[in-house]
Amino acid sequence: MSERSPAPGGLALVQSLVNTLDVETGADSLDTAEGRAPFGLTADDLPGARELRESLRAALLAHAGHPPHRAVTPLGELLSGAPLLVTVGTEDGSAALVPADGHSLLSRVAAAVAEALVAGTWLRLKACEAADCLWAYYDRSPAGRGRWCSMQVCGARAKMRRYRAK
């Protein structure tokens, strides 16, 4: 739904995973092989991927100061099972966390979260506060206080509801 540009670095993976479900229509792109392909998922991986997606959504709602949309497994609990390795570049000595197996979605998400923590961008990835949206977006506002994925859609709807309530 958002017209915003994708999140930086590995957060783009997290954002695209959360946005595989259109909360308003119920359409889930993970239902199709084409929708699962960018994440390297099979039909057998769906329960775990959906659990991860909704735990991520709850964390992104928390970044925006909102309660979870429903009861979910805590994200930290899920990510604790993700094997990561520390790599050190031979040219410049830079270090990074990478997935131990390279293909596990859980490990790739854990590496993306760790990268974002170091970069200071993790808390900028948020979920839209509109209950019929919950779309993940990267908040590029100077103060980091964005509330909606789209001011033209979700923000306008919320402001119109407040206006009509008066």
Side-chain angles (χ1 to χ4, degrees), residues 1-31 35-36 38-41 46-82 84 96-99 104-163 165:
M1 175 175 288
S2 176
E3 73 279 352
R4 295 176 185 239
S5 57
L11 284 181
L13 169 69
V14 174
Q15 181 180 20
S16 62
L17 176 61
V18 171
N19 291 343
T20 57
L21 176 66
D22 184 334
V23 173
E24 189 172 23
T25 66
D28 187 346
S29 64
L30 294 181
D31 287 338
R36 291 188 298 269
F39 305 103
L41 298 172
L46 283 179
R50 286 187 172 128
E51 180 181 34
L52 176 60
R53 176 181 66 197
E54 296 312 313
S55 292
L56 284 164
R57 188 183 317 278
L60 302 186
L61 281 165
H63 291 175
H66 303 293
H69 59 301
R70 63 184 174 106
V72 296
T73 304
L75 183 58
E77 194 175 302
L78 289 177
L79 295 182
S80 69
L84 297 175
L97 281 174
V98 297
S104 161
L105 179 61
L106 184 62
S107 292
R108 289 186 293 146
V109 166
V113 170
E115 172 192 323
L117 283 170
V118 171
T121 57
W122 172 237
L123 294 177
R124 290 276 183 150
L125 189 60
K126 301 177 179 180
C128 182
E129 78 173 39
D132 59 347
C133 180
L134 304 177
W135 204 250
Y137 68 95
Y138 188 76
D139 184 2
R140 287 184 162 74
S141 66
R145 293 176 22 182
R147 299 173 63 185
W148 301 287
C149 66
S150 167
M151 189 58 218
Q152 289 73 27
V153 179
C154 294
R157 287 177 185 169
K159 288 181 177 193
M160 186 56 68
R161 278 188 216 109
R162 274 198 313 269
Y163 174 78

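- Note that CG of Asp31 and CG of Leu46 are 7.0 Å apart. Values are rounded to the nearest 0.5 Å.
- With sequence neighbours left out, the side-chain contact (heavy atoms from CB on, under 4.5 Å) criterion links Thr25 to Asp22, Ala27.
- For Ala82, the side-chain contact (heavy atoms from CB on, under 4.5 Å) partners at least two apart in sequence or on another chain are Leu106, Ser107, Ala110.
- Side-chain contact check for Val113 versus Leu11: every heavy-atom pair is 4.5 Å or farther apart.
- The side-chain hydrogen bond (donor to acceptor under 3.5 Å, both in side chains) check on Thr20 picks up Arg53, with sequence neighbours excluded.
- Taking the side-chain contact (heavy atoms from CB on, under 4.5 Å) definition, one finds that Leu13 meets it with Phe39, Leu105, Arg108, Val109, sequence neighbours left out.
- Among residues at least two apart or in separate chains, side-chain hydrogen bond (donor to acceptor under 3.5 Å, both in side chains) pairs with a member in residues 113-125 are His63-Trp122.
- Nearest heavy atoms, Arg140 versus Pro8: NH2-CD, 4.0 Å.
- Atom-to-atom distance recorded for Leu17:CG and Leu41:CG is 7.5 Å, nearest 0.5 angstrom.
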Check: residues 54-61 side-chain donor-acceptor pairs under 3.5 Å, at least two apart:
residue: Glu54; atom: OE1; partner: Arg57; partner atom: NE; Å: 2.9
residue: Glu54; atom: OE1; partner: His69; partner atom: NE2; Å: 2.7
residue: Glu54; atom: OE2; partner: Arg57; partner atom: NH2; Å: 3.3
residue: Ser55; atom: OG; partner: Glu51; partner atom: O; Å: 3.1
residue: Ser55; atom: OG; partner: Thr73; partner atom: O; Å: 2.4
residue: Arg57; atom: NH1; partner: Leu134; partner atom: O; Å: 2.8
residue: Arg57; atom: NH2; partner: Val18; partner atom: O; Å: 3.1

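- Not a single donor-acceptor pair under 3.5 Å links the side chain of Asn19 to the backbone N or O of Trp135.
- With rounding to the nearest 0.5 Å, the separation of OH in Tyr137 from NZ in Lys126 is 5.0 Å.
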